[in-house]
There are 2 protein chains.
Amino acid sequence: MKQINIKALAQELNLSVSTISKALRDSYEISDETKHRVLELAAKLNYTPNPYASSLRGKKSRNIAIVIPEVADSFFSQAINGIESVAKGKGYHVLICLTHENYEHEQAILKEFQSGRVDGVLMSVSSETASGGHIQELIAKEVPVVFFDRALNGVAAARIVTDDFQSGYNATAHLIEQGCRNIAFLGVSSQLSISNDRMAGYRKAMEEKGLPFREVYCSSSPEDNHTLVTDLLRQHGRPDGILASVEKLATSVYQACAELQLSMPADVKLVCFSNLGIAAMLYPSLTTVTQPAFEMGKAAAATLLKLLEKKHTDPSGLDMVIPSELIRRGSSL
Amino acid sequence: MKQINIKALAQELNLSVSTISKALRDSYEISDETKHRVLELAAKLNYTPNPYASSLRGKKSRNIAIVIPEVADSFFSQAINGIESVAKGKGYHVLICLTHENYEHEQAILKEFQSGRVDGVLMSVSSETASGGHIQELIAKEVPVVFFDRALNGVAAARIVTDDFQSGYNATAHLIEQGCRNIAFLGVSSQLSISNDRMAGYRKAMEEKGLPFREVYCSSSPEDNHTLVTDLLRQHGRPDGILASVEKLATSVYQACAELQLSMPADVKLVCFSNLGIAAMLYPSLTTVTQPAFEMGKAAAATLLKLLEKKHTDPSGLDMVIPSELIRRGSSL
DNA sequence: GTGAAAGCGCTAACAA
DNA sequence: TTGTTAGCGCTTTCAC
């Protein structure tokens, strides 16, 4: 790895390293002519600055991290695109870190960030995450954190979320309107904000009609979820409607219905929180609560960069709620 | 960002920084007792080594990059998981870099890597990438590159691919067997290895039966693809079978069929290269060529790490072909 | 078994 | 306008 560095440029041009450095950063101290010569040579020699040296020196990396459970999820992949689009514009690099819905992984990742590897963090907590010590610790080291989608209550950080409560309410109201009386809510975890808020909306809608709750928590394993849903639908007095709070649960419901010979929407109606592009081509087409994933990503990144640029900004007052949309399709009509 | 560093540990224990450094790296020179004291204090103070300092010093980052077109694709998201699983085991970090199927983006990303930001690169080239100068340049700087899935011909780098030719052949043969005579191949780009190899397999199968070719190249914009497919299916003498070489084209075909009131599989049969978990729940369920995404990711990472560990290894002889599987479903039966 | 010191490539005081 | 120099935190000879 023979690297062209500032010193090499300096020698070639008979200038000092500091002049080169300043010229490259377009300092006002340097004459236009020198700048020009430097830039030209740098381009010719294909000079690329060593990011480790400047991060070490400058105590900032111009890296931000996205910490999410999984990349195989249409919400997260769209959100990543939104985040990237604003980070790139401001000259930041984006590190994608996957927790696989595992609390220990999440802890380890954030622990590492204490080293200064990244200047800030955008995160959606794992479904296992119940307490925020690891997040607090990072914030204590002055690494700003912004939650998007899945926030953790009790941690003082900006949060960019969708209107989970209202969406849960709307989705449930829709199922009731379509004739469901026995609606089950499939949650992800009793700690997760999104799960809880969506569930609260569900409860409110059910309560208003005097209907009974039924809440089931799924795991992170597709196999477990499959048996869970199958058991739910095999019961006597099985639900006639399901509100699934995350995308991956949709598959389990479709599969279970197929295996149990239940037909959607006649026997069971389904609404799922999902950003899947092919929701309309499922059989039956899937009614979704679709989140503004790209916008949420953009907003979260913009908020983080704001925090990064003027450190004094107070994280409160930065929260944002962007509404989701209920898209009615065959699975609930 | 007040950071605990080696110096702080040294002061606390009345030892020199070099002793601390050696103790942390478990050097044989250091007594067990000292090691113990150091590790204990490090844990207590929550010490995290500064990765920039050690990368700068050691001239290696223990970072590897995944350069892919898009993360919203089930093949790539599964492959990422495979790569991560082996990289993590060897203490490497993974940077995911998105080209958005854009050649300039890809160039810029690789250019940056010349700085030593990563020790090695795993890549699937963008659909726009026709020549490999940027890749060659990186290899010239002794940054090893391993292609996975989408390789670029003419670049001397290891490649982990699936049996594209055979899969294309099998898929086409299957469509012919199901009665199709007028089969169109939807490619991504005339440069892309996967597209070409899959197409070659298609051609062979068609040739064997004396059937005519019809090849259409799609773009990276969903809207364009939609009109392209719609036009194709609106033609007089429209195809009665389609072999789509990448996942995202499936959506376009389903949509176009719906709009044109063509029924699958009666009017048009479809086979698509895809790793979508919900392929079975589409309407009609989608016949897929499913790639061993996770395995390919693992193999690619293992190959790269091999190259990283003993630099003398010759990239030839490292290639690998892992077969895909044709899963017959409703869209072609 | 431990320590002193050089230096990775870059930036920013401070000098000239 | 340009140059000298001192580190950023870490690893690694080489000396003790």
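Per chain, numbering begins at 1; letters A, B, ... match sequence-line order.
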Could you note down all residue pairs passing ring pair (Phe, Tyr, Trp, His ring centres under 6.0 Å) where residues 54-74 of chain B supplies at least one of them, sequence neighbours left out? none
Tabulate below the donor-acceptor pairs under 3.5 Å that side-chain atoms of residues 19-26 of chain B make, not counting sequence neighbours, or state none.
from: B:Thr19; atom 1: OG1; to: B:Ser16; atom 2: OG; distance (Å): 3.0
from: B:Asp26; atom 1: OD1; to: B:Lys35; atom 2: NZ; distance (Å): 3.0

For residues 87-95 of chain B, which residues have at least one heavy atom under 4.0 Å from DNA chain D? none
5'-most contact on DNA chain D: A:Ile30 or B:Leu24, nearest heavy atom basis? A:Ile30
Is B:Thr34 touching bases, backbone alone, or none of the nucleic acid, heavy atoms closer than 4.0 Å? sugar-phosphate
Once each nucleotide of nucleotides 3-10 of chain C is scored for protein heavy atoms under 4.0 Å, what B/S/- sequence comes out, 5' to 3'? BBBBBBBB
I'd like to check the side-chain contact (heavy atoms from CB on, under 4.5 Å) partners of B:Ala53; sequence neighbours left out, ordered by chain and number. A:Leu56, B:Asn50
Roughly how many Å is it from CZ in A:Arg37 to C1' in D:dT2, rounded to a whole number? 12 Å
A:Ser124: which residues meet the side-chain contact (heavy atoms from CB on, under 4.5 Å) condition with it, sequence neighbours left out? A:Ile68, A:Pro69, A:Phe76, A:Phe148, A:Asp149, A:Arg150
When rounded to whole Å, the CG to P distance for the pair A:Leu13 and D:dT2 reads 11 Å
Side-chain donor-acceptor pairs of residues 88-96 of chain B under 3.5 Å, sequence neighbours excluded:
from: B:His93; atom 1: NE2; to: A:Glu112; atom 2: OE2; distance (Å): 2.4

Test ring pair (Phe, Tyr, Trp, His ring centres under 6.0 Å) applied to B:His105 - qualifying residues, sequence neighbours left out: none
Residue pairs involving residues 16-71 of chain A (criterion ring pair (Phe, Tyr, Trp, His ring centres under 6.0 Å); sequence neighbours excluded): A:Tyr52-B:Tyr52
What's the shortest heavy-atom distance between A:Gln136 and A:Gly154, and which atoms? NE2-O, 3.4 Å
note: A:Gln11, atom CD; D:dG3, atom C1'; distance rounded to Å ~ 15 Å
